[in-house]
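One-based numbering along the sequence shown.
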Amino acid sequence: MTNNSFAFSRDFASSLVVFFVAIPLCLGIAVASGVPVAMGLISGIVGGIVVGLLAGSPLQVSGPAAGLAVIVFGFVEQYGVAMLGPVLIIAGLLQILAAFLKIGSWFRAISPAVVHGMLAGIGILIILGQIHVLMGAKPAAGGIENVVAMERTFGHLWGGGMTSESVDLLMGLISLLAMIGWEKFRPNRLRLVPSALVGVAIGTTLTAALQLPIARVEVPASLANSISLPTVESFANMAQPGIVVTSLVIAVIASAESLLSSAAVDRMHDGASTRFNKELFAQGIGNGLCGLLGGLPITGVIVRSSANIQAGARTRASAVLHGVWILGLTVLLPQLLSMVPLTALAAILLVTGWRLISLHHVRDLFDHHGWLPVGIWIATVAMVVLQDLLVGVALGLTLSIFEILPYLRRKLAIDRMEDAETVHLTLGGVATCRDVPALLNTLESLPAGCTVRIASSDLHYVDHICAETLRDWLKRQKKLGRTVDIQHPPAGRHPRLVPIFKRLTAETADPTG
C-alpha cells in the first residue's frame with residue numbers, strides 16, 4: 001500500500017469516528033441554543049467541508065460549539081433567530097479582517113485563567129439550562145433565572161402517578177448513566193466509539209421500543225427548506241448597539257476558542273504546526289457562510305479534534321469527509337434523526353458542560369502560579385454566571401492587566417545567535433502577555449532539527465501567560481525530539497521565577513519519551 005493510500009484509509013476511518021461524535025453534538029448544541037436542529041447540522045456540514053478545506057490546522061475539526069450556545073440562546077430570546085444570520089456574517093468578516101491584519105497569534109496572549117474561567121462559566125450555564133430540558137421543561141435565558149425556576153420544574157415531577165416529566169427525567173438519566181458507564185468501562189477494542197453516541201443510541205432505542213411520550217428532535221423533511229438567507233430588513237436592524245456588540249463578542253470568542261483549540265491540537269500530533277492567521281481566515285469564511293445559510297456560529301472544537309487524532313487521522317481529508325457524512329445522513333435519512341429524544345441530547349450537554357468546567361486547570365494554575373490567576377478564574381466564572389459572558393471576560397482581562405501593571409514599563413528582550421547546529425536565545429527584562437506574539441514568532445521561526453539553548457540570566461519576571469506559552473512550546477519540541485537546554489535565572493529575582501524554570505526544564509527532560 002502506498003503512503004497516500006495508507007493516509008487516506010486512516011483518514012476515512014477517522015472521519016467516521018468524528019462523524020459519530022459530531023452528530024449528537026450538532027443536534028444538542030442547536031437545542032441548547034434555542035434554535036431548530038437543522039441550524040446545528042448546517043454548521044456541522046460547513047465546519048467540516050468548507051473550514052476543513054481551508055483550515056490552517058489540518059487535523060482540527062470545526063463545527064457548532066457549546067461555548068457559544070449560551071450567547072446564541074440569549075440573543076435569539078431577545079432579537080429573534082432571523083437576526084442571527086447578519087450577526088454571523090459580520091462576525092465572519094471581522095475574523096477575516098483579523099487574519100489579514102495578522103493578529104491571530106495575539107489571541108494566544110489571552111490569560112489561560114480568563115479562557116478557562118469563561119469556559120467554566122459557560123459550562124455552569126449549560127448545566128443549569130439542561131437540567132430543565134432533562135425534565136421536559138424549557139430553560140430560561142440566564143443562570144439566575146434557571147436556578148429560580150428549578151422549584152417549578154421539579155414540582156412537575158410529582159403527581160398522582162408517573163408524570164410525563166418523570167418519564168423524561170428517567171430516560172435522560174438512563175442516557176447519562178450510559179455515557180458515564182461507557183467512559184469508565186468500555187472495552188479497549190471499542191475505545192473509539194464515542195460515549196455520546198452510546199447515550200443517544202440507548203435513549204433513542206428505549207424511547208422507540210416502549211413508545212414513550214417524550215419530545216423528540218424536529219428535523220425538516222428537506223435540509224434545503226431550512227436554509228434561510230438573511231433579509232434586507234434584518235441587515236437594517238444591525239444598527240442596534242446590542243446586535244453590534246454580539247457580533248463583536250461572537251467574533252472574539254469564536255476566534256479565541258478556535259486558536260486555543262488549534263494550539264492544543266498541535267500538542268497532540270507530530271505533524272505541521274497550525275498557521276494561525278490562515279486558521280482564523282478559514283473560521284471567518286465558515287462563520288460568514290453559516291450566517292448566509294442560516295446556521296449556528298462555528299469554532300474549532302477540541303472534543304471532535306482529539307477524537308480525530310486518536311482515531312489516526314493523517315490529513316485534512318478526515319475533517320472534510322466527516323462533513324460529507326453529516327450532509328449525507330441529513331439528506332438521505334432525516335427520519336433517523338427525528339427519533340432522538342431531547343432528554344438524551346440534554347444528557348450529552350450535561351456531560352459537555354461538566355467537561356468545560358475542568359477543575360484540573362484551576363489546580364494547575366494554583367500549583368504553578370499561585371493564587372492570583374486562580375482569583376482571576378473565580379472572578380471570570382462568577383461574572384459569566386451572574387451577569388453575562390461579556391462582563392465576565394472583560395473583568396478577567398482587566399484583572400490580568402492589573403497583574404502585570406507593575407511590570408509594563410519594561411519589556412522582553414530576545415537576543416538570538418546561531419552557530420553550525422545550535423541556536424542560542426537569551427531572554428532579558430520581563431516577559432508578560434504583551435510579549436507572547438514576539439516570543440512565539442521567535443520560537444516558531446527556529447530551523448527544524450537544531451539544538452536550542454535558552455539562557456534566562458537577565459530575566460527578572462515571567463507572568464503565567466508567558467510561562468504557559470513556553471511550556472506548550474517545549475512540550476511540542478519534546479514530542480518532535482528536539483534538544484532544548486534551559487539555563488535557570490539566578491536566585492534573588494521574583495520568587496516564582498526559579499520554580500517556573502524548574503518546571504520548564506522538566507518539560508525538556510527525556511526528549512525521546
Side-chain angles (χ1 to χ4, degrees), residues 43-65 67-68 71 84-111 114-115 118 230 238 244-267 271-293 295-302 304-305 315-316 319-320 323 393 397 433-445 465 469 472-473:
S43 294
I45 294 164
V46 171
I49 298 174
V50 178
V51 179
L53 287 170
L54 300 174
S57 178
L59 298 185
Q60 176 162 261
V61 182
S62 297
L68 291 170
I71 302 173
L84 188 59
V87 164
L88 294 189
I89 291 173
I90 299 302
L93 290 173
L94 290 173
Q95 289 181 294
I96 292 169
L97 177 63
F100 278 114
L101 294 176
K102 299 188 182 303
I103 62 174
S105 57
W106 276 100
F107 283 96
R108 290 188 288 175
I110 299 175
S111 166
V114 176
V115 173
M118 174 193 76
M238 283 297 295
V244 173
V245 169
T246 302
S247 299
L248 181 61
V249 168
I250 287 178
V252 172
I253 300 301
S255 300
E257 191 170 341
S258 295
L259 297 182
L260 289 165
S261 175
S262 297
V265 167
D266 281 351
R267 295 196 296 270
S273 300
T274 297
R275 295 168 60 187
F276 284 89
N277 290 307
K278 184 181 180 184
E279 180 65 29
L280 195 54
F281 174 80
Q283 296 293 334
I285 293 292
N287 273 314
L289 194 55
C290 285
L292 192 63
L293 298 177
L296 288 172
I298 59 175
T299 72
V301 189
I302 192 61
R304 273 161 266 192
S305 303
T315 71
R316 67 179 70 246
V320 175
V393 171
L397 292 174
C433 58
R434 68 173 181 177
D435 301 302
V436 166
L439 178 61
L440 285 172
N441 287 339
T442 299
L443 294 174
E444 291 172 355
S445 66
I465 305 169
T469 300
D472 289 345
W473 181 80

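A pairwise comparison of heavy atoms in G291 and P230 identifies O-CG, 3.5 Å as the closest pair. C433 and I465 make their closest contact through CB-CD1, 3.4 Å (heavy atoms, listed as atom of the first residue, atom of the second, distance). For the pair A65 and V301, the tightest heavy-atom approach, listed with the atom from each and the gap, is CB-CG2, 4.3 Å. Closest heavy-atom contact between G52 and A319: CA-CB, 4.4 Å. When all heavy atoms of S62 and E279 are compared, the closest pair comes out as OG-OE2, 4.3 Å. Shown here for I298 and V46, the closest heavy-atom pair between the two residues is CD1-CG1, 4.5 Å.
In this structure a side-chain-to-backbone donor-acceptor pair under 3.5 Å is present from Q60 to S262. S305 contributes a side-chain N or O that, together with a main-chain N or O of V61, makes up a donor-acceptor pair within less than 3.5 Å.
Every side chain to side chain contact (heavy atoms under 4.5 Å, CB included) that K278 has, sequence neighbours left out, goes to R275, R316. For S258, the side chain to side chain contact (heavy atoms under 4.5 Å, CB included) partners at least two apart in sequence or on another chain are Q283, T299. Residues passing the side chain to side chain contact (heavy atoms under 4.5 Å, CB included) test with R434, sequence neighbours excluded: L408, K411, T432.
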Could you pull out every donor-acceptor pair under 3.5 Å between side chains of residues 244-251 and any protein atom, sequence neighbours left out?
from : atom 1 : to   : atom 2 : distance (Å)
T246 : OG1    : G242 : O      : 2.8
S247 : OG     : I243 : O      : 3.2

Throw together a table of side-chain donor-acceptor distances under 3.5 angstrom for residues 87-99, partners on residues two or more places apart or in other chains.
from : atom 1 : to   : atom 2 : distance (Å)
Q95  : OE1    : N287 : ND2    : 2.9
Q95  : NE2    : S255 : OG     : 3.0

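Interatomic distance, L289 CG to L293 CG, rounded to the nearest 0.5 Å: 4.5 Å. With rounding to the nearest 0.5 Å, the separation of CZ in F276 from CD1 in I103 is 14.0 Å. Taken from CG in N441 to CG in D435, the straight-line distance is 11.5 Å, to the nearest 0.5 Å.
Looking at heavy atoms from C-beta onward, V51 lies out of side-chain contact with I285 at the 4.5 angstrom threshold. Side-chain contact between L296 and L68: absent, with no pair of heavy atoms (C-beta onward) separated by less than 4.5 Å.
Applying the side chain to side chain donor-acceptor pair (under 3.5 Å) test to pairs two or more places apart or on separate chains, those with a residue in residues 48-58 are S57-T274.
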